[in-house]
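Inspection log for the structure reproduced underneath, given as C-alpha cells.
Everything quoted here is computed from the prediction, not taken from an experiment. Count residues from 1 along the sequence.
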Amino acid sequence: MKQANELTFNEAGLIPAIVQDAQSKEVLTLAYMNKQSYEKTLETGETWFFSRSRNELWHKGASSGHTQKVTSIRYDCDKDALLVLVEPKGPACHTGSYSCFSEESMTGQKETKDRFGIFNELEQVIAARQAEMPEGAYTTYLFEKGVDKILKKVGEEASEVIIAAKNRDQEELKWETADLLYHLLVLLREQQLPLDDVLKVLKKRHQGE
C-alpha cells in the first residue's frame, strides 16, 4: 500500500478516487482525497474524502450509516488516481441510489458478444437491491428475511431442477435452472463472496491446478 507521500496530488492537494463495489464491480462514485483523508482511510479501513464545496474532510456514512469498508486501494501508472474497492453498507449516492452513476447519456440496446454477461448484470442488480432495499422487490424480501430464507429457496429450487430433469421436461428445467442461479447469486451477495472467486475455482479445476 502506497503512503501518501508516494502518490501524486494535484495543485490543490487532491487526488481523484474512483470507488467500486469489490463484489459486483459496479462503479459507485467519484470523490477526492487529500493526504489526510487518504491516511484516515488507511487507518480506519473505511472511506474518507475531502469535500471541495465544504472545504473539509468527510467520512462516508458518518451521518447516514452507509459506510464503505475498504478491501483494497489501487493506483494508476502515474500514481495520480486511485481505484478504491469497497464493501458498501447501503447506497453510495446521496439520492439513495446504489451508485451515483445511475443515469445514462447514451441510450439504446447494448450489443455484446458475451453470452454470459447477464450474470454480471444480475450481480449488479442484486447488489443495488441490497443497498437500496426498494419496497416490494422480491430481492429486498430475501435480504430482509436473511440467510436462512435464502438457503431455503436455494434448496427448493435445486429440488425443482432435479424433478424437472427427472421428468425430461426441458421447458421446466430451463425456468427452474434460472431460478436456482438467481438465488445462488443472492446467496453469494449475502455472503459477500464475488462470483469472480467462484469462476476462478472453475478455471483452476479446468487447468488441473
Side-chain angles (χ1 to χ4, degrees), residues 1-110 117 120-137 139-140 143-144 189-190 192-196:
M1 190 76 68
K2 290 288 184 184
Q3 297 302 311
N5 57 10
E6 299 178 86
L7 299 173
T8 303
F9 294 82
N10 64 19
E11 62 278 2
L14 303 176
I15 188 170
I18 301 166
V19 181
Q20 182 182 40
D21 188 317
Q23 185 174 353
S24 73
K25 309 307 178 188
E26 180 83 358
V27 175
L28 300 179
T29 192
L30 169 65
Y32 289 85
M33 293 183 179
N34 61 5
K35 290 184 178 180
Q36 187 178 359
S37 63
Y38 176 77
E39 290 170 350
K40 291 281 287 185
T41 297
L42 296 183
E43 176 186 345
T44 64
E46 295 184 348
T47 52
W48 284 74
F49 303 107
F50 182 81
S51 172
R52 294 173 296 171
S53 60
R54 301 193 303 271
N55 195 36
E56 64 181 13
L57 296 184
W58 62 283
H59 177 204
K60 171 60 181 171
S63 57
S64 66
H66 301 154
T67 54
Q68 297 171 338
K69 179 183 177 182
V70 177
T71 62
S72 69
I73 299 178
R74 303 173 186 173
Y75 50 88
D76 71 344
C77 53
D78 294 322
K79 301 183 182 64
D80 60 0
L82 301 174
L83 177 63
V84 185
L85 278 71
V86 303
E87 293 177 359
K89 183 181 179 182
C93 186
H94 71 281
T95 63
S97 294
Y98 165 57
S99 168
C100 292
F101 296 95
S102 57
E103 302 295 329
E104 293 188 17
S105 59
M106 295 181 64
T107 58
Q109 186 174 0
K110 298 179 181 178
N120 184 55
E121 294 178 25
L122 188 54
E123 190 176 31
Q124 292 178 0
V125 169
I126 292 170
R129 291 289 188 272
Q130 186 190 44
E132 299 171 5
M133 299 293 275
E135 186 176 353
T139 310
T140 298
F143 283 126
E144 286 178 341
R189 183 67 192 183
E190 195 279 337
Q192 290 295 313
L193 176 63
L195 178 61
D196 284 353

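- One distance of note links NZ of K89 with CD of Q130; it measures 11.5 Å at 0.5 Å rounding.
- Summarising the geometry, atom CD1 belonging to I15 is positioned 5.0 Å from atom CZ belonging to F9; distances are rounded to the nearest 0.5 Å.
- Applying the side chain to side chain donor-acceptor pair (under 3.5 Å) rule to S63 yields no partners; only residues at least two apart in sequence or on another chain are considered.
- Using a 4.5 Å cut-off on side-chain heavy atoms (C-beta onward), R189 and F143 make contact.
- Between atom CD of residue Q68 and atom CG of residue L85 there is a gap of 11.0 Å, rounded to the nearest 0.5 Å.
- Interatomic distance, CG of L82 versus CG of L30, reported as 10.5 Å (0.5 Å rounding).
- Between V86 and L28 the shortest side-chain heavy-atom distance falls below 4.5 Å.
- Between the side chain of S97 and the backbone N or O of C93 there is no donor-acceptor pair closer than 3.5 Å.
- A heavy-atom distance below 4.5 Å is found between the side chains of Q192 and Q23.
- Using a 4.5 Å heavy-atom threshold, the side chains of V84 and Q20 count as separate.
- Taking the side chain as every heavy atom from C-beta outward, T41 and E46 never approach each other to under 4.5 Å.
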Note to self: Let's go through Y75 and L83 carefully: what are the C-alpha distance in whole Å and the side-chain angles of both, what is the deciding distance for side chain to side chain contact (heavy atoms under 4.5 Å, CB included) to 0.1 Å, and is it a yes or a no?
What the structure shows: CA-CA 6 Å; Y75 50 88; L83 177 63; over 6 Å; no
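- With hydrogens and angles ignored, the 3.5 Å screen pairs no side-chain donor or acceptor of S24 with any backbone N or O of D21.
- Residue-environment remark: CD (E56) exceeds the threshold of 12 foreign heavy atoms within 6.0 Å.
- Using a 4.5 Å heavy-atom threshold, the side chains of K60 and T67 count as separate.
- At a threshold of 4.5 Å between non-hydrogen side-chain atoms, the residues Y98 and E132 count as touching.
- Using a 4.5 Å cut-off on side-chain heavy atoms (C-beta onward), V125 and T139 make no contact.
- The local environment of NZ in K25 is crowded, with over 12 non-hydrogen atoms from other residues, nucleotides or ligands closer than 6.0 Å.
- Within the 3.5 Å criterion, the main-chain N or O of F49 finds no donor-acceptor partner in the side chain of K40.
- Annotation: the span from Y38 atom OH to Q3 atom CD amounts to 6.5 Å, rounded to 0.5 Å.
- Of the inter-residue distances, the one linking L7 atom CG with K35 atom NZ reads 9.0 Å to the nearest 0.5 angstrom.
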